[in-house]
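A quick note: this is a predicted structure, and the numbers were derived from the prediction, not measured. We name chains A, B, ... by the order of the sequence lines, and we start the count at 1 in each one.
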Amino acid sequence: MFEIEANNRTIKAEKGDTILAALKRAGINVPTLCHMEGLPPSGACRICVVEVEGKGLIPSCSFPASEGMKIKTNSPKCIQARKTIIELLLANHPDDCLYCVRNLNCQLQTLAEEYGIRERRLTAKREEHTVDLTSPAIVRDQSKCILCGKCVRVCEEIQNVSAIDFAGRGSKTVISTAFDENLNVSSCINCGQCILVCPTGALREKSYIKEVRAALSDPEKHVVIQHAPAISVTIAEEFGAPSGTDADGMLVTALKRMGFDRVFDTSFSADLTIMEEASELVHRITNGGKLPMMTSCSPGWIKYVEQFYPEMREHLSTCKSPQQMLGAVIKSYYAKRNGIKPENIFSVSVMPCTAKKFEIQRPGMGRNNIFDVDAVLSTRELARLVRMYGIEFNNLPVSYADNPFGERTTAGKLFGASGGVMEAAVRTAHFLITGKEMDDLKLEATRGLDGIKEAKLDIGGKTVGIAVVNGVGNAAKLLDQIKDGRDDLVFIEVMTCPGGCVAGGGQPLGTDNAKIRARLGALYAIDENEEVRVSHGNTEIKRLYDEFLGEPLGHESHRLLHTSYVDRDEVLK
Amino acid sequence: MKSQTEKILAKYKGGGRDSLIPLLQEVQEAEGYISRERVKEIGELLNLPTGKIYGVATFYNQFRFSAQGKYHIQVCRGTACHVKGSANVLQALESEIGIEAGNTDRDGLFSLEVVACIGACGLAPVISVNGRFHAGVTPEEIPEIIESYRKEFGGAE
Ligand code: SF4
Ligand code: SF4
Ligand code: SF4
Ligand code: FES
């Protein structure tokens, strides 16, 4: 710990601090555009300049703080420099705010406002760019790109995908896929992490709001909606509540008021997934199946394996994700029970995830040319729709999801957290193997934000190795070890996004580690405080098997709840 | 040609990121351009994503990603040609053929390349089509020149 001077105030800095970090801790804000939490600085944008006595203007995000340093963050020189940078960024920027998805939530716009840019002083030639609408999940509009490089870094350094990179140079520099191909034929896994870091409207989710509204106003359609486990603990943030607020009951009320005929809970089908997946695991163990088995509920991860590790495809569980399982039973069991034709059901899901938009159109995700899920809304899109429909979210009473897919256990709810599928699956696998519940249901070792979490469990006298990965880039290490012969692991959970679904690519913008922790805390509090904490304790699940499916891994389950994987050569097509 | 490329690739086996540029240069030298298949092979060889290779390669003007057209047009951007308006000539070519420099048109008939100096400064601004020089060209003449090659090609068939 040492002292530095900032704006004539003495503040403390720690060894290894950048100037930016020290300032931030002292409550002094300096704008950043290219800076990324937890990654080495790139120093690309220079908006974070501060004036250091004896050194002049330097970028605070990449310069270490040192003893006795005298810093000014808002001297005339600093302000002027930042102003010029903003004006340069705006010089070839489309004046498009009114039509932009990031209007009122854009870092570039905010900077222009804060620094009082009132006229266009600099004009540069605008390059013609077509908006890439080819991906089912991600829309890229290069004309709004300020080349901060964050999307490239998250895609390469966090996700280990590298679907996009800088191409060309000088004024012709753009962010591009290999061979400037459309995103839908690139190696992009649709995770949406690039959207979360993009400071502008250059990246956005493919919106399905129009389709959903059309269905809602179509009297012929029976419109149902499911919400994923991670939505109730993030949606309230969009309406100003602090991170970690669980708004489950208000969310359901909002959806009902918007006119959805039924509101279902994806946590129900998370329980269903556990019944199938735990049974599959036990089956693989007892019948010499491919081990370790790897989870299959995160569609970005699935594509990652298909394109980068095709030889490991058989390790993936054949279980569909909770979204697709619920979609399948809605248009079969539910349709039949209520005498509704499957083609008259419009099935919507609210997901924390952009890759879910890709998942609904995978092969096998429907029958007789009818999709099991018709439209996926991200948390952000749902918030937009709630506002459009004039619903005052914060004043809503509580209501409950509808039968027969409204009941859930806390195990299903845990799917929203990295490690949650593992925790839920272990609880049920233990029961299936030993006939008894675990003494302590909590699996501490697989909670938290470490990229790879491993544990050895004792189930029925057998030691079982498990691993939990979050941030798909971390999976490569484990996959390589397994390819090289590592054989102590039985079950691996992988979530594409760092932190799991609570930090999915469809979640509120501005997601950072503090928010992720708060959201995880909300899920664990639910698990702590409720009675039924094991998926096999869900009475509606039992009924679904009794009335319709038969038994886990049975014939109907296979037809509706399991899937297969495909060869891919998108990377170069 | 394949075996020559195989030899080049073999030479760089186990190389790191810094092998990328020389490797790309040699492959282009051998095959005239860098195909998608080669990018993929290079990626596997050096353990680099294809997007990264494309990004690095496009940073340099020298690499091309499509085979040359039947008529390969080089536009000189040397100082003399520049002074005499080669930029406008290039623009006229790009709009006439409908491609940007560094590319090949869809029929594989024309490809366009910008080169530093052809060494024919006396003829500025100059373009070369398969080695045939057109001296003192103006943007207005471009459609005519292109048309003549289209005709020539049509006649040959
Ligand atoms: S990216 Fe930001 S500044 Fe640009 S048009 Fe959209 S809202 Fe406006
Ligand atoms: S969605 Fe994910 S994989 Fe695709 S470009 Fe963005 S970060 Fe990369
Ligand atoms: S797309 Fe967004 S994140 Fe990527 S470089 Fe452009 S502005 Fe930055
Ligand atoms: S935030 Fe410091 S250089 Fe971009």
Near Glu29(B) CD, under 6.0 Å, is it more than 12 heavy atoms from other residues, nucleotides or ligands?
-> no
More than 12 foreign heavy atoms under 6.0 Å from CZ of Arg46(A): is that the case here?
-> no
Heavy atoms of other groups near Glu314(A) CD, more than 12 under 6.0 Å = no
Interchain contact, Phe59(B) with chain A, by part (heavy-atom threshold 4.5 Å) | both
CZ of Arg77(B): more than 12 outside heavy atoms within 6.0 angstrom?
-> no
Part of Asp180(A) lying under 4.5 Å from any heavy atom of chain B = both
Looking only at heavy atoms, which of residues 163-176 of chain A get nearer than 4.5 Å to chain B?
-> Asp165(A), Phe166(A), Ala167(A), Gly168(A), Arg169(A), Ser176(A)
Glu311(A) atom CD, over 12 foreign heavy atoms within 6.0 Å | yes
Got a sec: does the CD of Gln91(B) have more than 12 other heavy atoms crowding it under 6.0 Å?
-> no
From Phe179(A) CZ over to Ser66(B) OG, what is the distance, rounded to the nearest 0.5 angstrom?
-> 10.5 Å
In chain order, what residues pass the side chain to side chain contact (heavy atoms under 4.5 Å, CB included) check against Asn103(B), with sequence neighbours excluded?
-> Ile99(B), Glu100(B)
